[in-house]
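Computed from a predicted structure; not experimentally measured. Note: hydrogens, waters and symmetry copies are ignored here, and every other heavy atom, side chains too, is used.
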Amino acid sequence: MGSVQHWRATFLSIALFLAFLLLWHAATRPDAGEATVDPAYAALVGNAAASGSKTPFPGPADVGAQLWQHLKDPFYDRGPNDKGIGIQLGYSVARVLTGFGLAALVAIPLGFLIGMSRTVYRAFDPFIQVLKPISPLAWMPLALYTIKDANTSAVFVIFICSLWPMLVNTAFGVGAVRQDWLNVARTLEVSRLRTALQVILPAAAPTIMTGMRISVGIAWLVIVAAEMLIGGTGIGYFVWNEWNNLSISNIICAIFFIGLIGMLLDNLLARAARLVSYRE
């Protein structure tokens, strides 16, 4: 039964994708007559707006051809502003993993301590509630001014945006551990360190992993915007640079790769979450 449902879902996904491509092709098909284009819009997007098509938006065949060009040679390096999509994605993933890893080293131990003490939780809660809603990009000017390094500033922004979901979920998971299990540990005179590592940590692990999944998703969202600001390298800079070159096909290819990498990062953490999950 499960295998049948799997194949049905697969066929439905393929059908939806083909329908999307068909609609895309129909919407971007060139028109026989000249298109009436607003002069300000034509000045913004260039000659493509007055080419006689309904829209300068590329069709699926154009994007597919450009996508193949990126896949054929993803790691070329022809100078500061001409690097392959693989190199650009590599820079972005490295920044995300560095900031995310540093955030995990801080958020998980700190969240553990906060969750184990109601007094400490109440003391930290006002600071968390004030700092958590701040947009990570709001920290970018301060980071650039104080750190004076674009790459490190981007890592710092990723650190900030990754910190709060992991911290809050870790504190919640630790605080929600069943009191019965803690009472059994006290009855057996288990040390606090051993209780933390062998009782609280395994019980809170699924919630901690949920916080990590949320954090990595936010980090991958933020890195694109951060790299548009700092420039140089990264998939965000690639998107901004291709917009300046009015290459919409390259922008769509970059969006595809951004979504693909985001899905892979989430799936990796989802698999890790299943490994630490348990059923009573």
Side-chain angles (χ1 to χ4, degrees), residues 20-21 23-25 27-31 35-96 99 135-141 143-144 149-151 153-155 157-158 161 217-265:
F20 168 73
L21 290 179
L23 290 173
W24 182 6
H25 174 73
T28 57
R29 192 173 52 182
D31 197 358
T36 302
V37 181
D38 179 70
Y41 175 72
L44 178 65
V45 301
N47 295 329
S51 61
S53 61
K54 293 180 180 177
T55 171
F57 202 83
D62 299 324
V63 174
Q66 194 64 44
L67 188 63
W68 175 245
Q69 294 300 319
H70 286 301
L71 293 174
K72 281 201 307 183
D73 189 11
F75 298 107
Y76 71 85
D77 188 350
R78 302 184 187 125
N81 293 323
D82 192 10
K83 300 181 188 295
I85 196 78
I87 293 178
Q88 304 286 17
L89 287 168
Y91 276 104
S92 297
V93 171
R95 288 175 181 135
V96 166
S135 170
L137 295 179
W139 296 97
M140 180 61 81
L144 288 170
D149 181 78
N151 185 64
S153 298
V155 172
V157 169
I158 297 303
C161 76
I218 295 173
W220 189 241
L221 284 172
V222 169
I223 193 61
V224 175
E227 288 172 344
M228 287 182 179
L229 294 176
I230 65 173
T233 54
I235 193 64
Y237 171 73
F238 177 83
V239 170
W240 187 251
N241 190 50
E242 294 306 316
W243 163 246
N244 291 329
N245 295 331
L246 297 175
S247 179
I248 306 301
S249 294
N250 277 330
I251 294 175
I252 296 173
C253 291
I255 290 172
F256 169 77
F257 286 116
I258 290 169
L260 185 63
I261 296 297
M263 182 185 69
L264 291 175
L265 291 174

Could you give me the CA-CA distance, side-chain angles and deciding distance for Ile223 and Val157, then say whether side-chain contact (heavy atoms from CB on, under 4.5 Å) is met?
CA-CA 8 Å; Ile223 193 61; Val157 169; over 6 Å; no
- Query: Taking C-beta and beyond as the side chain, do Thr28 and Pro60 meet within less than 4.5 Å on heavy atoms?
  - Reply: yes
Worksheet item: Can you check whether Ile235 reaches Tyr91 side chain to side chain, under 4.5 Å on heavy atoms?
Response: no
Minimal heavy-atom distance between Met140 and Ala226, with the atoms involved, is CE-CB, 3.7 Å
d(Leu89 CG, Lys83 NZ) to nearest 0.5 Å is 14.0 Å
**Asked** For Tyr237, does the OH atom have more than 12 heavy-atom neighbours from other residues, nucleotides or ligands under 6.0 Å away?
**Response** yes
dist Arg95:CZ -> Ile230:CD1 (nearest 0.5 Å) comes out at 4.5 Å
Output for pair (Tyr76 OH, Ile85 CD1), nearest 0.5 Å, gives 8.0 Å
Taking every heavy atom of Leu144 against every heavy atom of Ala150, the minimum-distance pair comes out as CD2-CA, 4.0 Å
Correct closest heavy-atom pair for Gly236 and Ser92 would be N-OG, 4.4 Å
Would you say Asp73's side chain and Gln69's backbone share a donor-acceptor pair under 3.5 angstrom?
-> no
Side-chain (Trp24) to main-chain (Pro58) donor-acceptor, under 3.5 angstrom: yes
Please tabulate, for the side chains in residues 248-263, all donor-acceptor contacts under 3.5 angstrom to protein atoms that are two or more places apart in sequence or on a different chain.
from   : atom 1 : to     : atom 2 : distance (Å)
Asn250 : OD1    : Gln66  : NE2    : 3.1
Asn250 : OD1    : His70  : NE2    : 2.6
Asn250 : ND2    : Glu242 : OE1    : 2.9
Asn250 : ND2    : Ser247 : OG     : 2.9

